[in-house]
Amino acid sequence: MEARQASQPMPVAELMGVEKVYGSGDAEVRALDGLNLVVNRGDYLAVMGASGSGKSTAMNILGCLDRPSGGSYRLNGVPVETLDDDALADLRNHQLGFVFQQFHLLPQLSAMENVMLPMVYASVPAAERRQRAQQALERVGLGQRLYNKPNQLSGGQQQRVAIARAIINHPAMLLADEPTGALDSHTTEEVLEIFDELHRSGITVVLVTHEDDVAARADQVVHFRDGRVSDPGPRSQG
């Protein structure tokens with residue numbers, strides 16, 4: 001950690017004065033209100049906040065799933081708000097990985113086939129897709145479950161498949177929205193250990209959670225309130 005602090009941090013994601021407004025007039029809802037947030041390369045950041053605080057909206061913008069109404073978002077230096085839909089989809093597929101509370105696996109596909117999907121969209125050759133998918137599944141402890149379909153896997157195993165799929169294109173940033181919300185405490189610990197390992201390997205992780213013990217795994221915790229960061233939180237010194 002000391003070496004990283006001694007060097008100049010490299011921003012992966014920069015939200016600058018970001019606003020997100022839904023509706024108009026009396027029906028206007030300001031989900032984000034001048035949000036400023038920087039995620040540096042190698043960070044492990046936990047985001048907390050009450051329902052309606054803007055944290056999920058911020059994750060959607062960080063993930064290029066939604067566009068801000070105002071302000072600027074730069075992902076690896078690219079001003080995201082200037083991109084058309086095709087360029088945005090390409091950026092999302094190559095630069096970002098997603099893990100959600102619900103696993104969003106295709107039920108008719110095997111674990112291997114689910115993990116290969118992002119590489120299909122990235123035009124990775126078939127032989128390389130299979131090799132990389134197998135390596136990713138072995139990395140999350142599912143080397144013996146390559147050909148099982150989701151209904152043949154436990155909830156924790158399905159989330160591991162989702163994590164393997166999220167990291168398959170070597171994303172600049174991994175976004176996890178309540179990734180343990182549907183898991184029991186033992187399985188939660190197993191999944192969080194995978195996130196710990198991914199972070200130690202150099203992957204930048206941003207995780208939304210309402211659980212203090214989950215957030216405690218991160219290097220830094222930020223709290224959202226009324227569409228802004230209310231408390232940037234300390235960075236871990238360990």
Side-chain angles (χ1 to χ4, degrees), residues 39 43-49 51 55-56 58-60 62-65 92-93 95-122 129-219 221:
V39 181
D43 275 356
Y44 189 166
L45 180 71
V47 176
M48 304 189 75
S51 178
K55 61 185 188 299
S56 292
M59 285 288 278
N60 286 339
L62 281 172
C64 300
L65 299 171
R92 190 164 54 236
N93 190 44
Q95 297 286 334
L96 299 167
F98 300 90
V99 181
F100 301 99
Q101 179 173 341
Q102 304 303 322
F103 317 123
H104 297 303
L105 302 178
L106 295 182
Q108 71 274 24
L109 300 183
S110 68
M112 177 88 84
E113 290 166 332
N114 268 286
V115 173
M116 287 194 293
L117 272 179
M119 293 185 287
V120 173
Y121 300 132
R129 290 201 300 265
R130 296 188 68 82
Q131 180 184 26
R132 283 169 53 182
Q134 181 172 343
Q135 290 172 344
L137 285 165
E138 289 172 348
R139 184 175 184 179
V140 298
L142 290 179
Q144 304 302 314
R145 298 283 189 167
L146 303 178
Y147 305 105
N148 288 96
K149 292 185 177 180
N151 66 359
Q152 299 171 311
L153 300 171
S154 68
Q157 289 169 336
Q158 290 184 62
Q159 191 62 295
R160 289 173 184 235
V161 175
I163 293 170
R165 181 184 58 191
I167 63 174
I168 198 66
N169 280 340
H170 310 296
M173 183 166 58
L174 179 62
L175 301 172
D177 194 353
E178 299 283 4
T180 61
L183 306 176
D184 61 42
S185 58
H186 176 72
T187 309
T188 290
E189 181 65 22
E190 293 179 342
V191 168
L192 290 176
E193 286 176 0
I194 294 174
F195 279 107
D196 290 347
E197 188 276 325
L198 294 174
H199 174 242
R200 287 194 297 268
S201 74
I203 293 178
T204 303
V205 179
V206 179
L207 182 150
V208 166
T209 182
H210 66 278
E211 300 175 70
D212 290 331
D213 56 339
V214 173
R217 309 290 283 253
D219 288 342
V221 181

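This is a predicted model, so every value here is computed, not measured. Only this structure's heavy atoms are used, side chains among them; waters, hydrogens and symmetry mates stay out. Residue numbers start at 1 and run along the sequence shown.
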What residues form a salt bridge (Lys or Arg N to Asp or Glu O under 4.0 Å) with E211, not counting sequence neighbours? none
Taking the side chain from N114 and the backbone from L105, do they hold a donor-acceptor pair closer than 3.5 Å? no
Can you check whether G49's main-chain N or O pairs, donor with acceptor, with K55's side chain at less than 3.5 Å? yes
From N60 atom CG to F98 atom CZ, the distance as rounded to the nearest 0.5 Å: 8.5 Å
Please walk me through it: do I203 and V205 pass side chain to side chain contact (heavy atoms under 4.5 Å, CB included)? CA-CA 6 Å; I203 293 178; V205 179; 4.2 Å; yes
Kindly compute the distance separating CG (L117) from CE (M112), expressed to the nearest 0.5 Å. 13.0 Å
What distance separates L174 CG from I167 CD1, expressed to the nearest 0.5 Å? 8.0 Å
Kindly give the heavy-atom pair with the smallest separation between V99 and A166, and that separation in Å. CG2-CB, 3.7 Å
Is it the case that more than 12 heavy atoms not belonging to Q144 sit under 6.0 Å from its CD atom? no
Quick check against the 3.5 Å criterion: does D43 have a side-chain atom that pairs as donor or acceptor with the backbone of D219? no
I'd like to know whether L137 forms a side chain to side chain contact (heavy atoms under 4.5 Å, CB included) with R145, so could you lay out the CA-CA distance, the side-chain angles of the two residues, the decisive distance to 0.1 Å, and finally the verdict. CA-CA 8 Å; L137 285 165; R145 298 283 189 167; over 6 Å; no
Partner set under side chain to side chain donor-acceptor pair (under 3.5 Å) for T204, not counting sequence neighbours: none
Step-by-step side chain to side chain contact (heavy atoms under 4.5 Å, CB included) determination, D177 to S56: CA-CA 8 Å; D177 194 353; S56 292; 4.0 Å; yes
Would you mind checking if E113 and R130 are paired as a salt bridge, meaning a charged N to carboxylate O distance below 4.0 Å? no
Checking R139 now: which residues fulfil side chain to side chain donor-acceptor pair (under 3.5 Å) with it, not counting sequence neighbours? E197, S201
Under the side chain to side chain donor-acceptor pair (under 3.5 Å) test, which residues partner D213, sequence neighbours left out? none
Looking at CE of M48 and OG1 of T209, how far apart are the two atoms once the value is rounded to the nearest 0.5 Å? 5.5 Å
What one should report as the nearest heavy-atom pair of N93 and P118 is ND2-O, 3.3 Å
To the nearest 0.5 Å, atom OH of Y44 lies from atom CG of D196 at 5.5 Å
Any donor and acceptor pair, going by atom type alone, linking the side chain of Q152 with main-chain N or O of K149 inside 3.5 Å? yes
Output yes when a side-chain donor or acceptor of R92 lies under 3.5 Å from a complementary backbone atom of C64, and no otherwise. yes
Any residue meeting ring pair (Phe, Tyr, Trp, His ring centres under 6.0 Å) with H210, in chain and number order, not counting sequence neighbours: none
Would you check if the side chain of N169 reaches a backbone N or O of P171 as a donor-acceptor pair within less than 3.5 Å? no
For the atom pair CG (L192) and CZ (R217), what is the distance rounded to the nearest 0.5 Å? 5.0 Å
Using distance only, find each side-chain donor-acceptor pair of residues 153-163 under 3.5 Å and give its atom names and separation, not counting sequence neighbours.
unit_1, atom_1, unit_2, atom_2, d
S154, OG, Q157, N, 3.2
S154, OG, Q157, OE1, 3.4
Q157, OE1, S154, N, 2.9
Q158, NE2, P150, O, 3.4
Q158, NE2, L153, O, 3.3
Q159, NE2, F100, O, 2.9
Q159, NE2, P179, O, 2.6
R160, NH1, V140, O, 2.7
R160, NH2, E190, OE1, 3.4

Does T187 reach the main-chain N or O of L183 with its side chain, forming a donor-acceptor pair under 3.5 Å? no
Checking H170 against Q95 for the side chain to side chain contact (heavy atoms under 4.5 Å, CB included) test, could you report, in this order, the C-alpha distance in whole Å, the side-chain angles of both residues, the deciding distance, and whether it holds? CA-CA 8 Å; H170 310 296; Q95 297 286 334; over 6 Å; no
